[in-house]
Amino acid sequence: MTLDLQHARRALAAVGLSLTCFSSTALAQATAADYRVRETFNVGDTVYVRALTVEKNTMWVGTSAGVHEIDLATRKPRNTFTRADGLANEYVFAVGIDSQGYKWFGTNAGGASRYKDGKWKTYFPMHGLADYWIYSYANDKDGNLWIGTWAGVNHFNVKTGEFKKYVKELINEWVYGLDVDAKGRAWFATEGGVSMFDGKTWKSWTHKDGLGAPNADQLPASSNTGLGTRSRHDLTTMEHGQPTYNPNYSFAMHIDPQGNAWVGTWGGGVARFDGKTWTNYNSKDGLVGNIVYSIAQDKQGVFWFGTDKGVSRFDGKKWQSYTTKEGLLDSHVYTIAATDNGDIWVGTRRGVAIIGK
């Protein structure tokens with residue numbers, strides 16, 4: 001089923017997909033061969049799925065045409081939100097859930113819209129938000145919220161409503177991904193490398209330090225950058241019909257239970273940092289594509305990477321990839337989320353695919 005932009009609610013309300021539950025024993029025994037693209041549902045041929053965020057039995061789906069609240073148990077929609085309902089802008093790049101249960105929708109040029117129990121509030125730079133373009137959220141150990149924007153990062157105190165802004169401390173102000181480790185350190189994936197803040201001091205790393213695999217394919221350097229400008233740019237990863245390379249440009253950040261930082265780069269594959277050494281994985285190792293937009297880790301500890309050529313599953317030893325040949329709706333995988341029952345939700349242009357047993 002395809003969701004027309006003008007009839008998103010009515011069309012999405014007709015979607016009904018089955019759910020298969022898995023026991024913990026079955027999950028523990030699952031291997032790469034057990035997984036396949038099991039289900040798909042469209043959101044429109046010109047619509048992009050940019051954010052997938054799990055909240056208990058709910059999947060929040062952020063698209064370029066609004067937000068869908070999906071019941072994970074039934075696959076049926078509970079709500080669809082657009083500008084008419086309270087969103088400042090329908091193009092949603094990020095969905096965050098703070099410690100008080102508020103849903104934060106990060107938009108493209110519309111600021112951050114906060115929602116709970118039918119009530120909305122939108123934050124703009126005039127309220128302390130760093131920028132109108134919002135790309136990521138993460139909760140810290142005290143229940144406060146980090147917000148990644150195209151003009152630095154915010155730390156939002158959920159009790160006082162106070163915003164703190166950091167710009168010059170970052171290696172680059174264009175922030176795409178962020179995560180917080182068990183020590184409370186915040187990690188930021190930016191257009192110019194990776195930065196980390198431990199509450200007192202900042203550290204940063206770039207390709208010169210080991211971030212991103214070498215340019216083995218001799219791809220041209222990407223000219224698509226906003227560094228040093230206030231003009232906005234798109235996320236085009238192709239120039240003159242071929243991929244480009246900028247290993248400092250980091251899209252995704254994920255901290256695993258062992259404290260390693262995993263970073264998705266533009267052309268340099270996925271990079272892992274153990275606090276001392278960077279280890280990079282690219283297509284020569286088994287990664288399906290070297291531009292890595294998104295990273296998720298399931299309950300088994302297996303990594304799932306969304307790339308420009310599909311999805312790769314990595315259990316630490318073996319790789320398995322899923323592309324449009326296996327049933328994905330599009331090659332560019334902008335967001336991935338793992339649910340408790342073992343399903344992997346994959347967001348692309350045109351819609352969502354569910355990878356599972």
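These figures come from a predicted structure and were not determined experimentally. Index from 1, following the sequence.
Judged purely by atom type and a 3.5 angstrom limit, Ser250 has no side-chain atom pairing as donor or acceptor with the backbone of Val194. Of the possible donor and acceptor atoms, one in the side chain of Asn154 sits under 3.5 Å from a partner among the backbone N and O of Gly128. Side-chain atoms of Glu90 come within 3.5 Å of backbone N or O of Arg83 as a donor-acceptor pair. With hydrogens and angles ignored, the 3.5 Å screen pairs a side-chain donor or acceptor of Ser312 with a backbone N or O of Val288. For the pair Glu326 (side chain) and Thr324 (backbone), a donor-acceptor distance under 3.5 Å is absent. Looking at Asn139, its side chain does come within 3.5 Å of a backbone N or O of Ile97 through a donor-acceptor pair. Of the possible donor and acceptor atoms, one in the side chain of Asp179 sits under 3.5 Å from a partner among the backbone N and O of Ile255. Judged by distance alone, with hydrogens and angles left aside, the side-chain atoms of Asp298 form a donor-acceptor pair with the main-chain N or O of Gln300 at under 3.5 Å. With hydrogens and angles ignored, the 3.5 Å screen pairs a side-chain donor or acceptor of Arg349 with a backbone N or O of Asp45. The backbone N or O of Gly212 sits less than 3.5 Å from a side-chain atom of Asn280, completing a donor-acceptor pair.
Using a 4.5 Å heavy-atom cutoff, the side chains of Ser321 and Lys309 are not in contact. Residues Thr58 and Glu69 have side chains in contact (heavy-atom distance under 4.5 Å, counting atoms from C-beta outward). Side-chain contact between Phe188 and Trp146 is present, with heavy atoms from C-beta onward closer than 4.5 Å. For the pair Thr122/Arg114, no side-chain contact is recorded, criterion being any heavy-atom separation below 4.5 Å from C-beta on. In this structure, Lys159 and Asn157 have side chains that are in contact, with non-hydrogen atoms separated by less than 4.5 Å. Two residues are said to be in side-chain contact when any heavy atoms from C-beta on lie closer than 4.5 Å; Phe303 and Asp256 meet this criterion. Residues Leu129 and Ile134 meet the side-chain proximity criterion, which asks for heavy atoms closer than 4.5 Å.
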Stepwise side-chain contact (heavy atoms from CB on, under 4.5 Å) check, Met59 with Leu52: CA-CA 7 Å; Met59 180 67 73; Leu52 292 168; 4.0 Å; yes

Report the C-alpha distance between Thr348 and His332 in whole Å, list the side-chain angles of each, state the deciding distance to 0.1 Å, and finish with yes or no for side chain to side chain donor-acceptor pair (under 3.5 Å). CA-CA 6 Å; Thr348 68; His332 292 265; over 6 Å; no

Could you walk me through whether Val49 and Tyr334 pass the side-chain contact (heavy atoms from CB on, under 4.5 Å) test, one step at a time? CA-CA 7 Å; Val49 176; Tyr334 302 110; over 6 Å; no

Under the criterion side-chain contact (heavy atoms from CB on, under 4.5 Å), I'd like the reasoning laid out for Leu72 against Val54: C-alpha separation, chi angles, the key distance, then a yes or no. CA-CA 9 Å; Leu72 280 174; Val54 181; 4.1 Å; yes

Could you walk me through whether Trp278 and Asp209 pass side chain to side chain donor-acceptor pair (under 3.5 Å), step by step? CA-CA 8 Å; Trp278 288 93; Asp209 302 302; 6.0 Å; no

Could you go through the side chain to side chain donor-acceptor pair (under 3.5 Å) check for Trp187 and Asp181 one step at a time? CA-CA 8 Å; Trp187 295 76; Asp181 66 21; 3.0 Å; yes

Please report the C-alpha distance between Trp120 and Leu87 in whole Å, then the side-chain angles of each, then the deciding distance to 0.1 Å, and finally whether the side-chain contact (heavy atoms from CB on, under 4.5 Å) criterion is met. CA-CA 8 Å; Trp120 292 84; Leu87 274 176; 3.9 Å; yes

Can Tyr166 and His155 be said to form a side chain to side chain donor-acceptor pair (under 3.5 Å), step by step? CA-CA 8 Å; Tyr166 302 93; His155 186 253; 5.7 Å; no

Under the criterion ring-ring contact (aromatic ring centres under 6.0 Å, His included), I'd like the reasoning laid out for Tyr135 against Trp174: C-alpha separation, chi angles, the key distance, then a yes or no. CA-CA 9 Å; Tyr135 272 83; Trp174 300 68; 9.0 Å; no

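Here Ser283 contributes atom OG and Trp319 contributes atom CH2; the two are 10.0 Å apart, rounded to the nearest 0.5 Å. Atoms OG1 and NZ, on Thr339 and Lys299 in that order, are 9.5 Å from each other to the nearest 0.5 Å. From Asn248, atom CG reaches atom OG1 of Thr206 across 5.0 Å, with rounding to the nearest 0.5 Å. Atoms OG1 and CG, on Thr82 and Asn89 in that order, are 11.0 Å from each other to the nearest 0.5 Å. Taken to the nearest 0.5 Å, the CG atom of Asn290 stands 9.5 Å off from the OH atom of Tyr245. Distance check, rounded to the nearest 0.5 Å: OG of Ser204 to CE of Met196 gives 9.0 Å.
In this structure, Arg50 is not positioned above the aromatic face of Phe93 in the sense of NZ or CZ being under 6.0 Å from the six-membered ring centre and within 45° of the axis. Both tests hold for Lys116 against Tyr102: distance to the six-membered ring centre under 6.0 Å, angle to the ring axis within 45°.
With no hydrogens or angles considered, a side-chain donor-acceptor pair links Trp150 and Tyr176 at under 3.5 Å.
Classification of the Phe81-Tyr115 ring pair by plane angle, with boundaries at 30° and 60°, yields tilted.
When every heavy atom of Val37 is checked against every heavy atom of Ala353, the shortest pair comes out as CG1-CB, 4.1 Å. Residues Ser294 and Ala252 share a closest heavy-atom pair of CA-CB, 3.8 Å. The two residues Ala296 and Ala338 make their nearest non-hydrogen contact at CB-N, 4.5 Å. Scanning both residues, Ser99 and Gly143, for their nearest heavy atoms gives OG-O, 2.6 Å.
The hydrophobic cluster containing Tyr91 also contains Trp133, counting ILVMFWY residues as joined when their side-chain heavy atoms lie under 4.5 angstrom apart, directly or transitively. Residues Phe41 and Leu329 do not share a hydrophobic cluster, defined by chaining ILVMFWY side chains whose heavy atoms lie under 4.5 Å apart. By the criterion of side-chain heavy atoms lying less than 4.5 angstrom apart, applied directly or through intervening Ile, Leu, Val, Met, Phe, Trp or Tyr residues, Tyr281 is grouped together with Ile295 in one hydrophobic cluster. Tyr137 and Val95 fall into different hydrophobic clusters, where Ile, Leu, Val, Met, Phe, Trp and Tyr are joined by side-chain heavy atoms under 4.5 Å apart, directly or via other members. Hydrophobic cluster membership differs between Val175 and Ile171, with clusters built from Ile, Leu, Val, Met, Phe, Trp and Tyr side chains linked at under 4.5 angstrom.
Ion pair Glu55/Lys103 flagged as a salt bridge, since at least one NZ, NE, NH1 or NH2 atom sits closer than 4.0 Å to an Asp/Glu carboxylate oxygen. Between Asp71 and Arg78 there is a salt bridge, with a side-chain nitrogen of the basic residue lying less than 4.0 Å from a carboxylate oxygen of the acidic one. Salt bridge status for Asp198 with Lys203: absent, with no side-chain N to carboxylate O gap under 4.0 Å.
In terms of the side-chain hydrogen bond (donor to acceptor under 3.5 Å, both in side chains) criterion, Asn144 has no residue partners (sequence neighbours excluded).
Exactly one residue among Arg36, Arg75, Lys357 makes a salt bridge (Lys or Arg N to Asp or Glu O under 4.0 Å) with Asp343. That residue is Arg75. A side-chain contact (heavy atoms from CB on, under 4.5 Å) with Val292 is found for one member of Asp308, Leu287, Thr265, Val333 and no other, namely Leu287. When Phe105, Tyr132, Phe163 are each tested for a ring pair (Phe, Tyr, Trp, His ring centres under 6.0 Å) with Tyr123, only one passes: Phe163.
For Tyr322 and Tyr35, the ring centers sit 6.0 Å or farther from each other.
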